[in-house]
Amino acid sequence: MPRCSSVRVLTLSVLVVGAGGHARVCLEILEGSGWVVSGCLSSDASAIPGLPVPVLGLDSELEDRISGGAADVFVAIGDNTVRMEIGRRVLAAGGRLVTAVSPHAVVSASAVLGAGSVVMPGAVINAGSVLGMLVIVNTNATVDHDSLLEDGTHVAPGACLAGGVHAGAGTLIGIGANVLPGTQIGERSIVAAGAVVTGNVDVGVTVGGVPARVIRSGTGPL
Ligand SMILES: CC(C)(COP(=O)(O)OP(=O)(O)OC[C@H]1O[C@@H](n2cnc3c(N)ncnc32)[C@H](O)[C@@H]1OP(=O)(O)O)[C@@H](O)C(=O)NCCC(=O)NCCS
């Protein structure tokens with residue numbers, strides 16, 4: 001019987017931008033999906049204690065790293081605006097945005113996930129939903145059927161979107177919020193933690209409470 005003289009194992013290496021708590025969770029998801037994380041870049045070369053990979057340098061080195069061969073990049077930054085800015089830099093430099101889905105998430109075969117998005121453990125994305133680029137569906141969040149989450153949206157842990165919800169670009173749906181069927185949320189808006197959103201939300205406002213009312217015209221710290 002012929003013997004195999006060598007076995008070639010294909011490893012996929014990914015560079016992560018971000019080195020905080022969100023990055024730590026994303027690292028585990030990437031590694032659980034078969035990626036080898038080469039290391040992280042951060043804004044000041046620091047990292048959350050216990051990060052299991054090295055910090056290789058500063059975010060400002062991103063383009064050089066990509067031209068040096070680190071073409072696959074995951075942007076592990078929770079702030080929607082910063083994540084989108086860095087994601088655009090990755091694409092402009094010729095890199096690829098890696099999409100990460102936890103093996104403990106449930107994603108419908110008819111759902112579409114955009115480049116650079118992450119679906120965390122316990123999250124559910126149901127039939128016909130579409131996620132744009134660099135979307136976060138965080139731990140135990142649910143996105144029901146036929147919803148549309150535009151680029152740079154973040155659905156925080158435990159938030160529930162009913163069917164047919166449309167979240168505009170850069171929106172944050174806060175921890176544990178509930179959004180009723182068919183609701184339209186204007187881009188860059190914030191839904192406060194624990195809110196119940198019963199009607200459409202304007203662009204760039206913060207809503208909170210049960211039922212949700214505008215608590216600030218204009219976005220604030222996340
Ligand atoms: C709504 C939110 C953005 C406001 O944060 P902030 O800008 O720091 O504002 P403050 O805490 O100063 O609160 C401003 C007002 O909003 C109210 N408010 C704050 N959070 C609220 C909430 N979850 N529900 C209802 N009202 C809220 C405050 O009581 C305060 O009201 P007042 O002016 O009458 O006293 C923030 O509380 C929140 O819910 N963020 C979501 C965080 C999240 O889920 N992140 C994801 C991490 S993975």
Side-chain angles (χ1 to χ4, degrees), residues 16-30 40 42-43 47-51 74-87 99-102 104-105 113-114 116-125 131-144 147 149-162 165-180 183-222:
V16 169
V17 182
H22 178 66
R24 193 168 182 183
V25 179
C26 294
L27 286 175
E28 289 190 359
I29 295 171
L30 289 162
C40 294
S42 73
S43 55
I48 191 171
L51 197 76
F74 185 86
V75 186
I77 292 176
D79 183 284
N80 291 342
T81 304
V82 177
R83 189 170 66 259
M84 284 299 296
E85 282 170 6
I86 293 181
T99 302
V101 178
S102 166
H104 304 293
L113 307 185
S117 291
V118 58
V119 184
M120 295 208 168
V124 178
I125 315 271
L131 277 58
M133 188 172 76
L134 293 159
V135 168
I136 300 171
V137 179
N138 219 312
T139 313
N140 271 347
T142 60
V143 177
D144 221 303
S147 289
L149 309 186
E150 299 216 33
D151 295 348
T153 297
H154 179 177
V155 184
C160 296
L161 309 190
V165 168
H166 178 183
T171 55
L172 168 67
I173 316 292
I175 298 169
N178 291 286
V179 181
L180 268 55
T183 303
Q184 315 262 322
I185 300 173
E187 65 182 57
R188 292 173 286 101
S189 285
I190 296 174
V191 174
V196 175
V197 183
T198 59
N200 292 346
V201 174
D202 285 343
V203 169
V205 299
T206 301
V207 298
V210 182
R213 303 278 183 239
V214 175
I215 58 178
R216 182 187 300 137
S217 301
T219 53
L222 305 187

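All residue numbers in this chain count up from 1 along the given sequence. Order of listing sets the numbers, starting from 1, for every ligand and every atom in it.
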N or O contact, [X] vs ligand 1, cut-off under 3.5 Å:
| X | value |
| --- | --- |
| Ala193 | yes |
| Ile175 | yes |
| Thr206 | no |

Return the CD to CD1 distance between Glu150 and Ile185, rounded to the nearest 0.5 Å.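 So the gap between those two atoms works out to 11.5 Å.
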Separation of Ile125 CD1 from Leu149 CG (nearest 0.5 Å):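 Going from the CG atom of Leu149 to the CD1 atom of Ile125 covers 7.0 Å.
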Among Val191, Ile215, Leu172, which one puts a heavy atom closest to atom 42 (C) of ligand 1?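 The residue whose heavy atom sits nearest atom 42 (C) of ligand 1 is Leu172.
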Element-labelled atoms of ligand 1 that are located less than 4.0 Å from some non-hydrogen atom of [X]:
| X | value |
| --- | --- |
| Arg216 | 6 (P), 7 (O), 9 (O) |
| Pro157 | 48 (S) |
| Gly174 | 44 (O) |

For residues 171-180, please give each side-chain donor-acceptor pair under 3.5 Å, one per line with the distance, not counting sequence neighbours.
unit_1, atom_1, unit_2, atom_2, d
Thr171, OG1, Gly168, O, 3.1

Please classify the Ala156 to ligand 1 contact at 4.0 Å (heavy-atom distances, strictly less than): side chain, backbone, both or neither.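 Near ligand 1, Ala156 shows its side chain, while the N, CA, C and O stay back.
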Below 4.0 Å, non-hydrogen atoms only: which portion of Ala195 touches ligand 1? Side chain, backbone, both or neither.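 The answer is neither; Ala195 stays 4.0 Å or more away.
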Do [X] and [Y] have side-chain heavy atoms sitting under 4.5 Å apart?
| X | Y | answer |
| --- | --- | --- |
| Thr183 | Asn200 | yes |
| Leu51 | Cys40 | yes |
| Val196 | Pro211 | no |

Take every heavy atom of His22, measure it against each atom of ligand 1, and state whether any distance is under 4.0 Å.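 For ligand 1, residue contact (heavy atoms, under 4.0 Å) with His22 is absent.
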Quick one: does Gly194 get a heavy atom under 4.0 Å from ligand 1?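 Contact absent.
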If you take all heavy atoms of Ser117 and Phe74, which pair is closest and at what distance?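 Answer, listing the atom of Ser117 first, then Phe74: O-CE1, 4.0 Å.
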Verdict with reasoning, His22 to Ile77, per side-chain contact (heavy atoms from CB on, under 4.5 Å): CA-CA 7 Å; His22 178 66; Ile77 292 176; 5.5 Å; no
